[in-house]
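Notes for the one structure printed next.
Within every chain, numbering begins at 1; the chains are lettered A, B, ... in the order of the sequence lines, protein sequences first and strands thereafter.
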Protein chains: 2
Amino acid sequence: MARIKTEKNISRKDVIVTKAAALFREKGFKAASMRDLAESVGVEAASLYNHIKSKTELLHELCFGVANRFMQKIDEIEAGPGTAIEKVEKLLRFHINEMIEHYEEVYVSDREWKHLSDPYLSNFQNQRRIYRKRFAAIIENGIRNKEIKKIDAPTAVLIMLHAVSGIESWHRSTQKISAESLEDNMITILVGGLVNR
Amino acid sequence: MARIKTEKNISRKDVIVTKAAALFREKGFKAASMRDLAESVGVEAASLYNHIKSKTELLHELCFGVANRFMQKIDEIEAGPGTAIEKVEKLLRFHINEMIEHYEEVYVSDREWKHLSDPYLSNFQNQRRIYRKRFAAIIENGIRNKEIKKIDAPTAVLIMLHAVSGIESWHRSTQKISAESLEDNMITILVGGLVNR
DNA sequence: CCACGAAGATAACATTTGTTAGTTAAAATT
DNA sequence: AATTTTAACTAACAAATGTTATCTTCGTGG
């Protein structure tokens, strides 16, 4: 009986959640079966249930883990100093880094949240809505004091967020440019599209 | 026995494919069952098979329908006149309009192509790769003759394409700005992020 | 008006899926 | 070393899924 290997401070549940992220990313939540997951963990499917309550619980963990990190960051940025453009850039860099470093979780959270079930679903949607409004508010500030072009702020937010999710393609491409220059390029184009001059 | 209603020049298969697009968009390909589809068409599940070969065939139709339209457009734009920036703008406007007008098909093609099976899968991936290279080539031209900032062209493509897919959120939002001003805003930000000055 | 083909319904199928119950082995604690 | 707790296994389930075979009904062209 080969047990799930664990290192210090990493529970077996954490191992499962991480493997689930990779699997859900690859196949999609619905198409990924618990038997697939079990195989990737190195255990029988039923054994997983010693550590988790259900398949959907895995999705909760992933989605809200990511959502909370973003919420925390926007708290920090809103409260902190800096011009509107600087704040947008900070937030954007955070998004980009998250998508580079925690690719699988962020991607899954972004694409598969539809398969959450209530009350988690509405909860997640709410958080998302609020987050975008706060992001838009930063941009609107920038528009008011002429830092930023006169554009529709929600549209700008929508562009930023979705553009970042394109990093998925970067991960999969065979000849990647470096992570740093990916980040810089994205900032150049996206922030460059906002600034007023 | 309620038959599938058809208008002139619209086959029953077309009706099914269209309904499938809406359903796949809403639930995702895997989560949408043939029984769901049947209900939305107004018929029993098994009856669908008088018109289609399989569930995956529906996905083929959608994905390649969309892919072909984009290929045709880039042919036209490449061959036609205009500066690099103008060509990028044309292509971008086409993407935006497709996402606005044929929301469901385009969205499904974009998100669900993973569930195609070979040889369709590799075929689709190839087309996609080629399309992006051609898009990138247009941008590289623009960089060479200083119309466009010195950026990584594939990254720019990735941003453009994914930003456009954000129109999904626009469709779902309750208080939409008009389609025209959505288009203009997106062009302003995205093309504005490219131009050299 | 009748016959034939198109399009529908019913029933059933083999798989796959998430999950539970019951049991055994390994680790941790005493 | 003995015992208790944790985590694995096997077996099985009910439900859902894509699809096929067979039969019935409708609409249209001769």
Side-chain angles (χ1 to χ4, degrees), chain A residues 1-21 23-24 26-63 108 112 114-118 120-121, chain B residues 1-21 23-24 26-63 108 112 114-118 120-121:
Chain A
M1 265 193 215
R3 295 203 150 194
I4 300 177
K5 290 175 201 162
T6 58
E7 291 157 36
K8 250 185 195 167
N9 286 340
I10 297 184
S11 71
R12 286 175 225 279
K13 181 168 175 177
D14 289 339
V15 173
I16 294 171
V17 170
T18 302
K19 292 280 187 182
L23 197 70
F24 294 171
E26 187 192 334
K27 303 197 160 195
F29 177 75
K30 268 284 176 183
S33 78
M34 293 304 278
R35 284 165 181 83
D36 290 337
L37 178 57
E39 190 181 1
S40 121
V41 170
V43 103
E44 290 299 313
S47 306
L48 296 171
Y49 288 85
N50 285 315
H51 306 282
I52 61 164
K53 282 200 293 293
S54 66
K55 188 187 181 186
T56 350
E57 192 206 357
L58 293 169
L59 194 57
H60 303 163
E61 299 264 345
L62 290 168
C63 289
V108 168
E112 308 291 342
K114 275 189 199 177
H115 300 104
L116 288 170
S117 35
D118 269 323
Y120 298 97
L121 178 58
Chain B
M1 265 193 215
R3 293 207 152 190
I4 299 177
K5 289 175 200 162
T6 57
E7 290 158 36
K8 250 186 198 168
N9 286 341
I10 298 184
S11 71
R12 287 179 224 281
K13 181 169 174 175
D14 289 340
V15 174
I16 294 172
V17 171
T18 302
K19 292 280 187 183
L23 197 68
F24 293 170
E26 188 193 334
K27 303 197 162 196
F29 177 75
K30 267 285 175 181
S33 78
M34 293 304 278
R35 284 165 180 85
D36 289 337
L37 178 57
E39 189 181 1
S40 122
V41 170
V43 102
E44 290 299 314
S47 306
L48 296 171
Y49 288 85
N50 285 316
H51 306 283
I52 62 164
K53 282 199 293 292
S54 65
K55 188 186 182 187
T56 351
E57 192 205 356
L58 293 169
L59 194 57
H60 303 163
E61 300 263 345
L62 290 168
C63 289
V108 168
E112 307 292 342
K114 275 190 201 180
H115 299 104
L116 288 170
S117 35
D118 269 325
Y120 297 97
L121 179 58

Q. OP1 or OP2 of D/dA8 sitting under 4.0 Å from any side-chain N/O of A/His51?
A. yes

Q. Rounding to a whole Å, what distance do you find between B/Glu39:CD and C/dA9:P?
A. 13 Å

Q: To the nearest Å, give me how far apart CZ (A/Arg35) and C1' (C/dT16) are.
A: 7 Å

(Q) Counting only side-chain nitrogens and oxygens, does B/Ser47 get under 4.0 Å of the OP1 or OP2 atom of C/dA7? (A) no

Q.
Of the listed nucleotides (C/dT20, C/dA11, C/dT19), which one gets closest to any side-chain atom of A/Ala46?
A. C/dT20

Q: Would you indicate whether the side-chain heavy atoms of B/Thr56 and B/His115 approach each other to under 4.5 Å?
A: no

Q | Options C/dA21, D/dG18, C/dA9, nucleotide nearest the side-chain atoms of B/Lys55 | A | D/dG18

**Q.** Gap between atoms CD and P, on A/Glu44 and C/dG18 respectively (whole Å)
**A.** 15 Å

Q.
Tell me whether the count of non-hydrogen atoms from other residues, nucleotides or ligands lying under 6.0 Å of NZ in A/Lys55 goes above 12.
A. yes

Q | d(CZ, A/Phe24; C1', C/dG18) in whole Å | A | 12 Å

**Q.** Proximity to the side chain of A/Tyr49 - top-ranked nucleotide from C/dT10, D/dA11, C/dG18
**A.** C/dG18

Q: For A/Ala32, report the nucleic acid contact type (base, sugar-phosphate, nothing); a contact means any heavy atom under 4.0 Å.
A: sugar-phosphate

Q. What about B/Asn50: does its side chain form a donor-acceptor pair under 3.5 Å with the base of C/dA6?
A. no

Q: Let me know the distance between CE of B/Met34 and P of C/dT15, rounded to the nearest Å.
A: 20 Å

Q: Quick one: sort the A/Tyr120 and A/His60 rings into parallel, tilted or perpendicular, breaks at 30° and 60°.
A: parallel

Q: Return yes if some donor-acceptor pair links the side-chain N/O of A/Thr18 with the main-chain N/O of A/Asp14 below 3.5 Å, else return no.
A: yes

Q) Less than 4.5 Å apart, any side-chain heavy atom of B/Tyr49 and any of B/Met34? A) yes

Q. Which is true for A/Ser33 with a 4.0 Å heavy-atom rule: it touches a base, it touches only sugar-phosphate, or it touches nothing?
A. sugar-phosphate

Q.
I need the CG-P distance between A/Leu37 and C/dT16, as an integer number of Å.
A. 18 Å

Q. What is the distance from CG of B/Asp36 to C1' of D/dT17, rounded to the nearest Å?
A. 11 Å

Q: Take the protein atom CG of A/Leu48 and the nucleotide atom P of C/dA21, then report the distance between them rounded to whole Å.
A: 17 Å

